[in-house]
**Q** 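The structure is given below, and queries will be raised subsequently.
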Amino acid sequence: MNLILRIEEFLYRKWLKRRNKKLYNSDLMIRTFDVKVPKSTKIKGKVNLICTKDAEISLGENVTLRSDPFDYFAGMPFETTLLVDRENGRIVVGDNCRINGAYLHAKKNITIGKNCVIAAGTNILDSNGHQLVSSDRTQGEDEPKEIVIGNNVWLCLNSIILKGTKIGNNSVVTANSVVKGEFPDNSVLQGNPAVVVSYLPIENT
């Protein structure tokens, strides 16, 4: 990157930081090329939205991103972070979602439906970070796989959602569960690895 482009990027980031503080009166941190944050977004505490070039983070209307532990019902071990660090990667969050002290890392695609609640300590990761079969663990990355979380899903404290997972509408992932696979609507998932332990009598709307 030549000097002129570096200066232009620096000035853009400075402007973006001032703009967001004016819009949301918060410590919203954006290091990005393409992030869609509606004015209806509620920011509580320091939130990180990090998106590489030719990738995307998109928030629906009335989304709450929270890192402030004040008045939260449990501990909040880290700041809410949405990270997309590979070209063509995407994180899409539907309307009316609440994300509390969670970490979302997409190399390919993470899609979250509307009216979802994600509790503190949750990690949603569409890659493992390293290759499973490797003679040198310090080299190489695995191939990411899309994660799809349906509408009206509750991910409880410290849930881990692994690559390739699809969770149906109205489902609940109980605290400390590790989820990998495809699960139907209205599932209650529990354990490591998580399995369906019951179904909820909820109709799709």
Side-chain angles (χ1 to χ4, degrees), residues 42 44 47-49 57-60 62-67 69 72-86 89-132 141-205:
K42 301 175 182 66
K44 299 182 178 181
V47 171
N48 305 295
L49 305 180
I57 296 174
S58 180
L59 305 180
N62 301 309
V63 171
T64 298
L65 303 176
R66 176 175 185 165
S67 298
Y72 189 66
F73 81 106
M76 192 170 291
F78 44 76
E79 299 165 351
T80 289
T81 298
L82 279 62
L83 167 63
V84 184
D85 60 356
R86 181 178 289 186
R90 298 171 71 239
I91 293 177
V92 178
V93 179
D95 296 343
N96 306 312
C97 288
R98 302 205 308 257
I99 301 177
N100 304 286
Y103 193 95
L104 285 66
H105 183 183
K107 291 183 178 294
K108 185 172 185 180
N109 188 36
I110 295 172
T111 301
I112 298 172
K114 63 183 181 180
N115 303 322
C116 293
V117 177
I118 300 177
T122 294
N123 281 269
I124 304 175
L125 313 168
D126 73 355
S127 67
N128 296 334
H130 301 278
Q131 294 177 343
L132 179 62
E141 295 182 351
D142 66 316
E143 282 299 313
K145 292 184 179 180
E146 178 182 39
I147 291 174
V148 179
I149 296 171
N151 299 324
N152 196 42
V153 171
W154 177 15
L155 305 181
C156 297
L157 292 168
N158 303 315
S159 302
I160 300 176
I161 313 301
L162 298 176
K163 73 177 192 178
T165 294
K166 295 182 179 179
I167 300 175
N169 299 333
N170 309 315
S171 295
V172 175
V173 176
T174 63
N176 296 307
S177 294
V178 179
V179 183
K180 183 176 177 64
E182 299 187 14
F183 302 92
D185 294 352
N186 299 17
S187 297
V188 178
L189 308 176
Q190 185 175 30
N192 179 8
V195 296
V196 177
V197 295
S198 63
Y199 291 97
L200 300 169
I202 302 174
E203 295 184 3
N204 286 319
T205 57

**Q** Do Asn152 and Asn169 meet the criterion of a side-chain donor-acceptor pair at a distance under 3.5 Å?
**A** no
**Q** Quick one: salt bridge (Lys or Arg N to Asp or Glu O under 4.0 Å) pairs with a partner in residues 116-127, sequence neighbours left out?
**A** none
**Q** Between the side chain of Ser67 and the main-chain N/O of Thr80, is any donor-acceptor distance below 3.5 Å?
**A** yes
**Q** If I take atom CZ from residue Arg66 and atom CD from residue Glu79, how far apart are they, to the nearest 0.5 angstrom?
**A** 14.0 Å
**Q** Can you measure from CD1 (Ile202) to CG (Asn186) and round to the nearest 0.5 angstrom?
**A** 5.5 Å
**Q** State the CH2-SG distance between Trp154 and Cys116, to the nearest 0.5 angstrom.
**A** 13.0 Å
**Q** Apply side chain to side chain contact (heavy atoms under 4.5 Å, CB included) to Ile91 and Ile124, showing your working.
**A** CA-CA 11 Å; Ile91 293 177; Ile124 304 175; over 6 Å; no
**Q** Check Pro77 against Gly121 and note the closest heavy-atom contact, atom names and distance.
**A** CG-CA, 3.8 Å
**Q** Please check this pair: side chain of Ser159 against backbone of Thr122, looking for a donor-acceptor N/O pair closer than 3.5 Å.
**A** no
**Q** Indicate the atoms forming the closest heavy-atom contact of Ile57 with Val84, along with that distance.
**A** CG1-CG2, 3.7 Å
**Q** For Gly101 and Phe78, which heavy atoms make the closest approach, and how far apart are they?
**A** O-CE1, 3.2 Å
**Q** Looking at every non-hydrogen atom in both residues, tell me the closest pair between Leu83 and Tyr103 and how far apart they are.
**A** CD2-OH, 3.4 Å
**Q** Using the side chain to side chain contact (heavy atoms under 4.5 Å, CB included) definition, which of the options Val195, Asn192, Ile147, Ile167 pairs with Val179?
**A** Ile167
**Q** Please examine the side chains of Val197 and Val188, heavy atoms only from C-beta on, and report whether any two atoms are closer than 4.5 Å.
**A** yes
**Q** Locate the shortest heavy-atom distance separating Pro184 from Ser171; write the atom from each residue and the value.
**A** O-OG, 3.4 Å
**Q** Can you give me the closest heavy-atom contact between Cys97 and Ile112, atom names plus distance?
**A** SG-CG2, 4.1 Å
**Q** Between CD1 of Ile99 and OG1 of Thr81, what distance do you get to the nearest 0.5 Å?
**A** 10.5 Å
**Q** Start with the C-alpha distance between Leu82 and Leu59, add both sets of side-chain angles, then the distance that settles side chain to side chain contact (heavy atoms under 4.5 Å, CB included), and finish with yes or no.
**A** CA-CA 11 Å; Leu82 279 62; Leu59 305 180; 4.0 Å; yes
**Q** Using only heavy-atom distances, determine whether the side chains of His105 and Asn123 contain a donor-acceptor pair under 3.5 Å.
**A** no
**Q** Got a second to check how far Arg98's CZ is from Lys44's NZ, nearest 0.5 Å?
**A** 8.0 Å
**Q** Does the side chain of Glu141 reach to within under 4.5 Å of the side chain of Ser127, using non-hydrogen atoms?
**A** no
**Q** Within a radius of less than 6.0 Å around NZ of Lys180, do more than 12 heavy atoms belonging to other residues, nucleotides or ligands occur?
**A** yes
**Q** Nearest 0.5 Å, what's the NZ-CD distance between Lys166 and Glu146?
**A** 6.0 Å
**Q** Quick check: does any side chain N or O of Lys163 sit under 3.5 Å from a backbone N or O of Leu125, one acting as donor and the other as acceptor?
**A** no
**Q** If you apply the rule side-chain hydrogen bond (donor to acceptor under 3.5 Å, both in side chains), what do you find for Asn170 with Asp185, and how did you get there?
**A** CA-CA 6 Å; Asn170 309 315; Asp185 294 352; 5.5 Å; no
**Q** Regarding Asn62 and Asp95, do their side chains bring together a donor and an acceptor under 3.5 Å, going by distance alone?
**A** no
**Q** As a test of understanding, state which of Leu189, Asn100, Val117, Ile149 forms a side chain to side chain contact (heavy atoms under 4.5 Å, CB included) with Leu155.
**A** Ile149
**Q** Taking Ser177 for its side chain and Gly191 for its backbone only, find out whether a donor-acceptor pair lies under 3.5 Å.
**A** yes
